[in-house]
> 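Sending over a structure as structure tokens; questions will come in a sec.
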Amino acid sequence: MTGKHKDNFNANYLQYVKTQEPKTKHFKNCLAAFGVGGLICCIGQFFRFMLEYAGLSGDVLAGTVSAILIFISCLLTGFGVYDRIGRHAGAGSIVPITGFANSVASPAIEFKTEGWIYGMAAKMFTVAGPIIVFGVFSGVLVGLIYSFI
């Protein structure tokens, strides 16, 4: 093909692809993400209020609420419910703590048939591993800088 025919072919192909791809519903997707993400945050706030009423405070309160949200997220991932929530909510289900727990638990469940070490333990951090490494490295770096200042 010559240059002109190739450009015409590419334009025709792109036009064909555009007619075949499904139309996205941006407003509906944003509304679902906002609603589900907000609901997850409201659930976390509910646990915070209940534990605060029970007498917890400070770092213990924050850690307990985080642990509860991580546990619920992993439990729902294990039962396959979190995936259905993610299909409906999209980015709304990736609220930081629950989405991160899902990204660790999901590969662990998927690859558990390959064994404890090469399956579950190795694949558990395929998605979340770089984030953990960056977080630990950044924490050490900030700690060192802080200790020298």
> Applying the 4.5 Å side-chain criterion to the ILVMFWY set and letting contacts propagate, would Leu61 and Ile43 be lumped into a single cluster?
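Yes, Leu61 and Ile43 fall within the same hydrophobic cluster.
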> Do Asn102 and Ser73 pair up side chain to side chain, a donor and an acceptor below 3.5 Å, judged on atom types alone?
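No, because no side-chain N or O of Asn102 sits under 3.5 Å from a partner of the opposite role on Ser73.
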> Indicate, with yes or no, if Met50 and Leu39 share a hydrophobic cluster defined by side-chain heavy-atom contacts under 4.5 Å among Ile, Leu, Val, Met, Phe, Trp and Tyr.
yes
> Are the side chains of Ile68 and Leu51 in touch, meaning some heavy atoms are under 4.5 Å apart?
yes
> Do Ile145 and Val142 share a hydrophobic cluster, counting only Ile, Leu, Val, Met, Phe, Trp and Tyr and linking them when any side-chain heavy atoms are less than 4.5 Å apart?
no
> Can you measure from CZ (Phe148) to CG (Leu144) and round to the nearest 0.5 angstrom?
6.0 Å
> Grab the two heavy atoms, one from Ile97 and one from Ser66, that are nearest each other, plus how far apart they are.
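Closest heavy-atom pair between Ile97 and Ser66: CD1-CB, 3.4 Å.
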> Should Ile70 and Thr98 count as side-chain neighbours, where that means a heavy-atom distance under 4.5 Å?
no
> With distance as the sole criterion, is a donor-acceptor pair present between the side chains of Tyr82 and Ser106 under 3.5 Å?
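There is no such pair (donor and acceptor under 3.5 Å, judged by atom type) between the side chains of Tyr82 and Ser106.
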> Can you get from Phe71 to Val60 by hopping between Ile, Leu, Val, Met, Phe, Trp and Tyr side chains that sit under 4.5 Å apart?
yes
> Do Ile85 and Val36 pass the side-chain contact (heavy atoms from CB on, under 4.5 Å) test, and can you show the C-alpha distance, the side-chain angles, and the key distance before you say yes or no?
CA-CA 8 Å; Ile85 293 170; Val36 171; 3.9 Å; yes
> Is there a donor-acceptor pair under 3.5 Å between the side chain of Asn29 and the backbone N or O of Lys25?
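Yes; at least one donor-acceptor contact below 3.5 Å.
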> Considering non-hydrogen atoms only, spot the tightest contact between Lys23 and Lys18 and give its length.
NZ-O, 3.9 Å
> Taking atom CD1 of Ile72 and atom OG1 of Thr77, what is their separation to the nearest 0.5 Å?
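Between atom CD1 of Ile72 and atom OG1 of Thr77 there are 11.5 Å.
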> If you measure from CZ on Phe47 to CG on Leu56, what distance do you get to the nearest 0.5 Å?
13.5 Å
> For Phe46 and Val65, run side-chain contact (heavy atoms from CB on, under 4.5 Å): C-alpha distance rounded to whole Å, both residues' side-chain angles, the deciding distance at 0.1 Å, then the answer.
CA-CA 9 Å; Phe46 170 77; Val65 171; over 6 Å; no
> Look only at the side chain of Ser103 and the backbone of Phe100, and say whether a donor-acceptor pair between them is shorter than 3.5 Å.
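Indeed, once roles are kept as given, a pair shorter than 3.5 Å links the two residues.
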> Can you check whether Ala89's main-chain N or O pairs, donor with acceptor, with Ser93's side chain at less than 3.5 Å?
no
> Distance check, rounded to the nearest 0.5 Å: Leu76 atom CG versus Arg84 atom CZ?
9.5 Å
